[in-house]
Amino acid sequence: MTMRYISTRGDASNSPRKSFTEILLGGLAPDGGLYLPESYPLITRAELDQWRTLSYADLAFAVLSKFIDDIPAADLKALVDKTYTADVYCNVRSGDDASQITPLHWLEPGLGLLGLSNGPTLAFKDMAMQLLGNLFEYVLARKSEETNILGATSGDTGSAAEYAMRGKRGVRVFMLSPHSKMSAFQRAQMYSLQDENIFNIAVRGMFDDAQDIVKAVSNDHAFKAKYKIGAVNSINWARVAAQVVYYVKGYFAATRTNDEQVDFAVPSGNFGNICAGHIARMMGLPIARLVMATNENDVLDEFFRTGVYRPRGTAETHATSSPSMDISKASNFERFVFDLVGRDPVLIRELWAKVDSGGGFDLSKTTRFVDLPKFGFVSGKSSHADRLATIRQTYEKYGVMVDTHTADGLKVALDQRVPSRPMVVLETALPAKFEETIVEALGCQPERPVAMQGIENLPQRVEVMDISIDAVKSFIEQNVRV
Ligand SMILES: *Cc1c(COP(=O)(O)O)cnc(C)c1O
């Protein structure tokens, strides 16, 4: 069976169908849409039965083979085997089994935490990004090409990208971050990397200033082509595909037979993580409900409750204690809406013409919105006070420390939980990453994985710059020979 990808905004004449490796290195489709499989591959009952006992790497190979038909099987197998090994995902809670890669930790019967944050940067983004690093290296070598990844980060994405790409042939990373705005731990995580292909740039400004520079450089098409500027943002299809795997693994861990159903609760920001859950469900994984949790930035919760999608301006976006969910516009949401509206690219172009010009849309009066329950989504939101209370209660009741984002997911999961089905909450970061709020909630420091103790004392490698597009461009010119 061949697997081809289409754009959410495409039509057959202007958007040719692409293969997996053709879209791997890119971001948006040329028409501005996002790539999705032409149709979702299905997971048969026989496959579920065969897959139940597979290791994470073997399961990843089985699932990803449904999405990738232009990498020879033996090569793909070697790539996933190299990616999903226990020594990469070693930062597990004591008592959890690192060889599971994403161990399920039962808080009580029927309520589990799926450990997705045991990788090198202690956030779930490692799960997909580590695979992306190996896929990039492989595909670039095959094409004899290079790429220079340019990005802006306020924390999690940038560090996950750097740890995935460090030492990879054919790839350089230029990562902008706001100077002195990240925590000492986050700075140490990124800036202590000494790999020659990793370049940290601290911009004397805010995250938005860094983001604006990245946009400006990427919009200079001549510069972009000459210096082979690429990105690894959350709309990258391979990241979404890699995330489908842990829903399958989590389903097996939470059930005894393939007749059972599971609910997943997902702390959400750009809708990438839960989009993978939606795809797993469309493929036939027995997921009853996808419980989407937001923080105070509740643009997605509002949509699932009302049918109105109203992206906020940056001025309306709150800085919260679950910062990786502080988004105003959910970049992967278009993928879900494409399915919701019956895969109508004309309608998607209409709706996103409004979004891209700063507006929103209202599906509440349409039959599409009536169809929403068929997709299994329910939603809720969580506040700073909810986060603190959830962190406290979870620690007191179960002796388990959760991070602020996971706390948002857990809070909404508890609101939505039904006795008849297991609820699996995705753990999207470890508490060590967000010490300040843990101290506020519990009055004590979270435990740090051994490998990260004292990283603040390591020598750092970072270039500090003013908010200047030209300064960033000339830094890239100096470090990339063309
Ligand atoms: C990125 C991130 C999220 C949000 O995930 P999306 O895929 O953007 O919805 C939630 N929690 C943490 C810790 C993250 O790093």
Side-chain angles (χ1 to χ4, degrees), residues 34 91 113-130 132 151-164 182-183 185-186 189-190 207 232-244 246-247 264-280 290-301 303-304 311 317 320-336 377 379 381-382 387 390-391 402-413 425-435 437-438 446:
L34 305 184
N91 301 306
L113 272 186
L114 189 63
L116 305 179
S117 305
N118 307 317
T121 74
L122 312 187
F124 86 97
K125 293 189 172 70
D126 288 331
M127 291 303 304
M129 205 71 94
Q130 288 286 319
L132 207 62
T153 188
S154 50
D156 290 349
T157 309
S159 57
E162 290 188 353
Y163 279 77
M182 299 190 299
S183 70
F185 177 74
Q186 284 178 310
Q189 248 193 336
M190 290 177 61
F207 169 71
V232 289
N233 40 29
S234 75
I235 57 164
N236 181 287
W237 164 254
R239 284 181 63 184
V240 178
Q243 290 171 174
V244 171
Y246 53 68
Y247 283 89
F264 283 100
V266 189
S268 295
N270 271 320
F271 207 76
N273 199 357
I274 202 163
C275 186
H278 160 68
I279 291 168
L290 290 160
V291 180
M292 197 221 39
T294 70
N295 64 17
E296 290 88 337
N297 298 290
D298 59 351
V299 47
L300 290 170
D301 177 46
F303 175 80
F304 284 105
T317 305
T320 74
S321 48
S322 45
S324 300
M325 293 158 66
D326 292 350
I327 57 97
S328 44
K329 217 183 253 183
S331 52
N332 273 292
F333 187 51
E334 184 173 336
R335 287 194 160 110
F336 171 69
F377 276 85
S379 79
K381 64 192 265 195
S382 162
R387 228 164 277 140
T390 305
I391 291 169
V402 291
D403 104 289
T404 51
H405 307 77
T406 308
D408 288 333
L410 189 51
K411 191 267 170 193
V412 176
V425 180
L426 304 197
E427 181 169 52
T428 57
L430 292 192
K433 256 197 135 157
F434 300 95
E435 288 177 351
T437 311
I438 300 298

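All ligand and atom numbering here is 1-based and tracks the order in the structure.
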Could you check whether Ser331 and Asn270, counting side-chain N and O atoms only, form a donor-acceptor pair closer than 3.5 Å? yes
Mark up the atoms of ligand 1 that fall under 4.0 Å of a heavy atom belonging to Gly272, in ascending order. 6 (P), 7 (O), 9 (O)
Just verifying a value: how many Å separate Lys329 NZ and Asn297 CG, rounded to the nearest 0.5 Å? 14.5 Å
So, does Arg335 use its side chain to make a donor-acceptor pair with the main chain of Ala276 at under 3.5 Å? no
For Lys433 and Ala123 the tightest heavy-atom approach is NZ-CB, 4.0 Å
Taking a cutoff of less than 4.0 Å between a non-hydrogen atom of the residue and any ligand atom, is Pro267 in contact with ligand 1? yes
Give yes if a backbone or side-chain nitrogen or oxygen of Met325 is under 3.5 Å from a nitrogen or oxygen of ligand 1, and no if not. no
Under 6.0 Å between the ring centres of Phe336 and Phe304? yes
Quick check: does Asp403 get an N/O under 3.5 Å from an N/O on ligand 1? no
Answer with yes or no whether the side chains of Asp126 and Thr121 bring together a donor and an acceptor at under 3.5 Å. yes
Does Phe434, backbone or side chain, put an N or O under 3.5 Å from an N or O of ligand 1? no
Atom indices of ligand 1 within 4.0 angstrom of Ser324 heavy atoms, with elements: 2 (C), 3 (C), 4 (C), 12 (C), 14 (C), 15 (O)
Pairing of Lys381 and Asp298 as salt bridge, 4.0 angstrom limit: yes
What residue and atom, counting heavy atoms only, is the protein's closest point to atom 12 (C) of ligand 1, and at what distance? Thr428 OG1, 3.5 Å
Pairs of nitrogen or oxygen atoms closer than 3.5 Å, one from Phe124 and one from ligand 1: do any exist? no
Asn270, any N or O under 3.5 Å of ligand 1 N or O: yes
Under 3.5 Å, is there a donor-acceptor pair linking the side chains of Thr294 and Asp301? no
Going by the closest heavy atom to atom 1 (C) of ligand 1, which one wins out of Lys125, Arg239, Lys433? Lys125
Atom indices of ligand 1, in the order listed, that fall short of 4.0 Å to a heavy atom of Ala429: 13 (C)
Distance from atom 4 (C) of ligand 1 to nearest protein heavy atom, with residue and atom: Gly269 N, 3.5 Å
How many angstroms lie between OG in Ser268 and CZ in Phe333, if you round to the nearest 0.5 Å? 11.0 Å
What residue and heavy atom of the protein are closest to atom 7 (O) of ligand 1, and at what distance? Asn273 N, 2.9 Å
